[in-house]
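What follows is a short report on a single structure.
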Amino acid sequence: MRSEPIDPSGLEWSRVSPKYLRVRLLGWLLGSLVWLVVASVPLVLRLTGVWESFPPEWVAWALPALVLVSAVWRGLLLPRQVAAIGYAERDDDLLVRQGVFFQRTMVVPYGRMQYVDIAVGPLQRAFGICTLKLHTASPATNALIPGLPTEEGTRLREQLSARGESRLAGL
């Protein structure tokens, strides 16, 4: 994983599963198709003569074109977005990074974690991946690590919970 200027030096980042890209691409494809169908309704109604006066012809063509251009742009960004997700375990905290244009590196101290949660949707279950959620006392510092292999998510949940309990006991 490429190091970014906001990353602490000397860290070895763990990446999410490559299967997560497939899940994101399937979601992108389904969502894009739905938006394209919805945006094409005025054009279809205008071309069939059902709705001739409204909207103007250029608007009827522009809506699906705009949806198509934005869908292609999002589809091209997805591989980079997934590649930018990573996490690193340190002695006292867990670092989570994400973002292509707007990068974010979050540090979650083990002693601040209240609980660690694993979420799995039907599509994630089919691909054998999960999303790890770290909950802290502050809602602003809750962190997500999507696209973890299920075994790694389970291991990480147990390890982070144990580290969090030991840090809280030492307070």
Where do Cys130 and Gln124 come nearest, in terms of heavy atoms and distance?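 Minimum heavy-atom separation between Cys130 and Gln124: C-NE2, 4.2 Å.
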Mind listing the side-chain donor-acceptor pairs of residues 55-68 below 3.5 Å, one per line with the distance, residues two or more places apart or on another chain?
none

Assess whether a salt bridge exists between Glu152 and Lys19, defined as any Lys/Arg side-chain N lying under 4.0 Å from an Asp/Glu carboxylate O.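 No, this pair does not count.
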Would you confirm whether [X], through its side chain, and [Y], through its main-chain N or O, come within 3.5 Å as a donor-acceptor pair?
X: Tyr110; Y: Arg90; answer: yes
X: Arg46; Y: Glu52; answer: yes
X: Thr150; Y: Gly128; answer: yes
X: Trp51; Y: Pro42; answer: no

Greater than 12 external heavy atoms within 6.0 Å of Arg125's CZ: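 It does: Arg125 CZ has more than 12 such atoms within range.
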For Trp35, does the CH2 atom sit with more than 12 other heavy atoms under 6.0 Å from it, leaving out its own atoms?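 For Trp35, atom CH2 is not crowded (no more than 12 foreign heavy atoms under 6.0 Å).
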Just how far is it from atom CD of Glu89 to atom CG of Leu94, taken to the nearest 0.5 Å?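 If we round to the nearest 0.5 Å, Glu89:CD and Leu94:CG are 6.5 Å apart.
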Output the distance between atom CZ (Arg22) and atom CG (Leu29), rounded to the nearest 0.5 Å.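 Taking CZ in Arg22 and CG in Leu29, the distance rounds to 15.0 Å.
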Would you check, one step at a time, whether the test side chain to side chain contact (heavy atoms under 4.5 Å, CB included) holds for Asp93 with Val108? CA-CA 5 Å; Asp93 49 33; Val108 183; 5.9 Å; no
Taking the side chain as everything from C-beta on, heavy atoms only, tell me whether Val116 gets closer than 4.5 Å to Leu132.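 They are in side-chain contact.
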Given Thr131, Leu148, Leu78, Val82, the one that forms side chain to side chain contact (heavy atoms under 4.5 Å, CB included) with Tyr20: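 Answer to the side chain to side chain contact (heavy atoms under 4.5 Å, CB included) test with Tyr20 among Thr131, Leu148, Leu78, Val82: Val82.
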